[in-house]
Amino acid sequence: MDTKIGALDACHPMSSDVGSIPTNGVVSTIQNPAIPMTSAESTLGRHLARRLVQIGATDVFSVPGDFNLTLLDHLIAEPGLNLIGCCNELNAGYAADGYARSRGVGACVVTFTVGGLSVLNAIAGAYSENLPVICMVGGPNSNDYGTNRILHHTIGLPDFSQEMRCFQTVTCYQAVVNTLEDAHEQIDTAISTALKESKPVYISVGCNLPAIPHPTFSREPVPFSLSLKMSNQMGLEAAVEAAAEFLNKAVKPVTVGGPKLRVAKAGEAFVELADACGYALAVMPSAKGLVPEHHPHFIGTYWGAVSTPFCAEIVESADAYLFAGPIFNDYSSVGYSLLLKKEKAIIVQPDRVVIANGPAFGCVLMKDFLKALAKRLKRNTTAYDNYHRIYVPEGHPLKCDPKEPLRVNVLFEHIQKMLSSDTAVIAETGDSWFNCQKLKLPEGCGYEFQMQYGSIGWSVGATLGYAQAASDKRVIACIGDGSFQVTAQDVSTMIRCGQNTIIFLINNGGYTIEVEIHDGPYNVIKNWNYTGLVDAIHNGEGKCWTAKVRYEEELIKAIETATNEKKDCLCFIEVIVHKDDTSKELLEWGSRVSAANSRPPNPQ
């Protein structure tokens, strides 16, 4: 995972750093002179386009529809902004999600209601993962509001607010722009709110407005300068004092990083704390990639019963643990089976610290707290020393005999060898969660997956978006066949964009993760000729190479080809494995989640 999500230094080079602070510590309000615009440029559409370029969303994922066509014209006309047409709105939203994970903010544009409700699922996923995504919708003609007219692309009612109401619970701000007088304010408020809250926003623009000049757009927009959040100093000092006292009296404390390190922009502060205190350092599964795995005290992923070897034993036997930005849901807690005690825990959230069963401190920013706490802790390596004593290096899977059917653990051993600082891993919902979790990430290697929302098919669009944003990395996507069938079309867009992603399509004939939670005939899917499908999508246009592998020797040859002579191509490798070939972690996790799902109702 790229720790620069939402980071203001991750923006496009031509933009000023959003929310940046000069070295004197004063928040800058104007960073370049306002430049007069021509009438063709002083339009709502061009203002919105310039704002996207300024904040770093220099690629916008779109699906055209009659209500957004004029807006698309103005986005295309903006220098430095690249409009990428997707095959459907869901994938456009997923692509904006993936883009935001690398660049810090993403954007998509769709048409009214039929497009908006189609992209809604992807926006909900971005909301759950704290990703700032600007979701733009081409709305009805401004003259149609309040007229009792019925429009196409609606559910047949004259109330045009249905789409906006659907977005209210999955965005942090909704702007319906149907007049030019307040359009500048609405657009700027929406975009700045997305950046401040690190959540998606919804902007609906009347289809007749983007091309009309207006005085409020007559000058180059002044770059955003977002006011900094600050900790309550007294609360910060009190929280640090209480936490230091709690941890310094512990015998074998540990630290565990969680997924909200990203939204708190506290990754560096967390590493600074780990360097100073010497505690054993683990990550929750959804924080993989946010903490450097080459850190000398890193002990792996803490995921209860399915943790990486020897990690859970150290964390759960500790007499104190500091969790930075955790999310404890049914999946991350393995069906609520973690052996943790509240009285031993310090929980640090982006703006709040809770110490055991005792005091809680609000208005304390995680980054400030971790940096201050690092200066107050006594160095204690006991937990890491214990880990080092009990640790036994993992073995290697048995080598496949010639023409022996390929096993999943052998596949991932070869994927491990492909990783470097020039790669990034995208793990689809399913058994890839567990297999990718065991990969050891070299310094600088990106890693992304969607654990909180867990929408199957997410990875195809997210791979498109992430690869577009992180052009310096070669993306390696691990996708199951069931998930791929949901969103396969936008492999087409990857080829159009000239991306060189390597996709491992794991063909095991069904929804394996759901089989392990609750099996039934509905988990078996129709088998496709996946390489044949991608060849048909390729259709001789662009750079694309496919291979179907059944044995280890074929896999080795395919990887060799993909990383050498086809290194500039999109490489699609279909890996055929047995339907029951799963990680042992999925077997354990599935049974525990199944038990949690099947709890009987409480007595009334």
Side-chain angles (χ1 to χ4, degrees), residues 1-5 10 58-59 61 82 84 91 94-95 97-104 106 288-290 292-294 411-428 432 435-450 458-480 484 487-488 490-506 530-531 534 537-538 542-547 549 555-575:
M1 293 182 184
D2 191 329
T3 55
K4 289 187 176 179
I5 163 125
T58 52
D59 298 275
F61 302 92
N82 180 33
I84 298 176
N91 274 336
Y94 286 152
D97 170 313
Y99 193 92
R101 290 166 184 267
S102 175
R103 187 65 66 87
K288 185 176 177 68
L290 292 179
E293 298 187 8
H294 62 278
L411 165 65
F412 279 88
E413 183 179 44
H414 287 284
I415 291 176
Q416 175 69 68
K417 296 173 185 175
M418 300 171 67
L419 303 185
S420 72
S421 60
D422 298 323
T423 60
V425 176
I426 304 288
E428 176 59 84
S432 290
N435 288 303
C436 289
Q437 199 66 223
K438 291 182 283 188
L439 294 173
K440 294 176 175 59
L441 303 181
E443 183 176 1
C445 181
Y447 186 92
E448 295 293 344
F449 78 133
Q450 190 197 54
W458 160 86
S459 66
V460 177
T463 295
L464 165 65
Y466 190 97
Q468 191 65 24
S471 56
D472 58 327
K473 293 187 183 295
R474 191 167 194 191
V475 177
I476 299 171
C478 301
I479 309 177
F484 186 74
T487 50
D490 272 282
V491 169
S492 170
T493 312
M494 298 177 197
I495 297 171
R496 285 181 73 186
C497 292
Q499 296 178 0
N500 68 340
T501 294
I502 300 174
I503 296 175
F504 287 98
L505 188 286
I506 303 168
Y530 294 97
T531 53
V534 174
I537 291 171
H538 176 209
K543 294 182 178 180
C544 178
W545 175 80
T546 65
V549 302
L555 175 67
I556 293 170
K557 184 178 179 181
I559 291 174
E560 176 70 20
T561 301
T563 53
N564 287 285
E565 61 187 272
K566 299 296 183 182
K567 64 182 180 182
D568 295 327
C569 296
L570 180 95
C571 295
F572 183 91
I573 302 173
E574 179 183 351
V575 183

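In this text, all values refer to a predicted model and were calculated from it rather than measured experimentally.
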For the pair Asn91 (side chain) and Thr487 (backbone), establish whether a donor and an acceptor sit closer than 3.5 Å, ignoring hydrogens and angles. yes

Thr58 and Arg103: side-chain donor and acceptor closer than 3.5 Å? yes

Side chains of Glu574 and Thr546: closer than 4.5 Å at any heavy-atom pair? no

Carefully, step by step, assess Tyr466 and Ile426 under the rule side-chain contact (heavy atoms from CB on, under 4.5 Å). CA-CA 9 Å; Tyr466 190 97; Ile426 304 288; 4.2 Å; yes

Just jot down the side-chain contact (heavy atoms from CB on, under 4.5 Å) partners of Ala558, sequence neighbours excluded, or say none. Trp545, Ala547, Val549, Ile573

Verify side-chain contact (heavy atoms from CB on, under 4.5 Å) between Gln450 and Arg101, making sure each step is shown before the conclusion. CA-CA 11 Å; Gln450 190 197 54; Arg101 290 166 184 267; 4.1 Å; yes

Under the side-chain hydrogen bond (donor to acceptor under 3.5 Å, both in side chains) test, which residues partner Ser459, sequence neighbours left out? Glu428

Between the main-chain N or O of Leu441 and the side-chain N or O of Glu293, is there a donor-acceptor pair closer than 3.5 Å? yes

Quick one: closest heavy-atom pair of Gly289 and Tyr447, and the distance? CA-CB, 4.2 Å

Measure across Ala427 and Ser432 and return the closest heavy-atom pair with its distance rounded to 0.1 Å. CB-O, 4.0 Å

Is a side-chain donor or acceptor of Lys288 paired with a backbone partner of Phe449 at a separation under 3.5 angstrom? no

Does a side-chain heavy-atom distance below 4.5 Å link His538 with Cys569? no

State, to 0.1 Å, how close Lys473 and Thr423 come at their nearest heavy-atom pair, and which atoms those are. CD-O, 3.6 Å

With a cut-off of 3.5 Å and sequence neighbours excluded, list every side-chain donor-acceptor pair involving residues 494-506.
from   : atom 1 : to     : atom 2 : distance (Å)
Gln499 : NE2    : Leu464 : O      : 3.0
Gln499 : NE2    : Gln468 : OE1    : 3.1
Asn500 : ND2    : Lys567 : O      : 3.1

Kindly give the heavy-atom pair with the smallest separation between Met418 and Thr563, and that separation in Å. CE-CG2, 4.1 Å

Do the rings of Phe484 and Phe572 sit parallel, tilted or perpendicular, given the 30° and 60° boundaries? tilted

List the atom of Thr493, the atom of Ile84, and the distance in Å for their closest heavy-atom pair. CG2-CG2, 3.6 Å

Pair Tyr99 and Phe61, ring centroids less than 6.0 Å apart: yes

Rounded distance [0.5 Å steps], CH2 in Trp458 versus OG1 in Thr463: 7.0 Å

side-chain contact (heavy atoms from CB on, under 4.5 Å) filter on His414, not counting sequence neighbours, yields Val410, Lys417, Glu552, Leu555, Ile556, Ile559

Spacing of Cys544 atom SG and Leu570 atom CG [to the nearest 0.5 Å]: 5.0 Å

Tell me every residue that passes side-chain contact (heavy atoms from CB on, under 4.5 Å) with Gln416, counting only those two or more places apart in sequence or in another chain. Leu419, Leu439, Lys440

Take Val460 and Ile479, measure what side-chain contact (heavy atoms from CB on, under 4.5 Å) needs, and give me the verdict at the end. CA-CA 8 Å; Val460 177; Ile479 309 177; 4.1 Å; yes

Identify the two heavy atoms, one from Gly106 and one from Ala100, that lie closest to each other, and give their separation to 0.1 Å. N-CB, 3.6 Å

Considering residues at least two apart in sequence or located in another chain, which fulfil the side-chain contact (heavy atoms from CB on, under 4.5 Å) criterion with Ser421? none

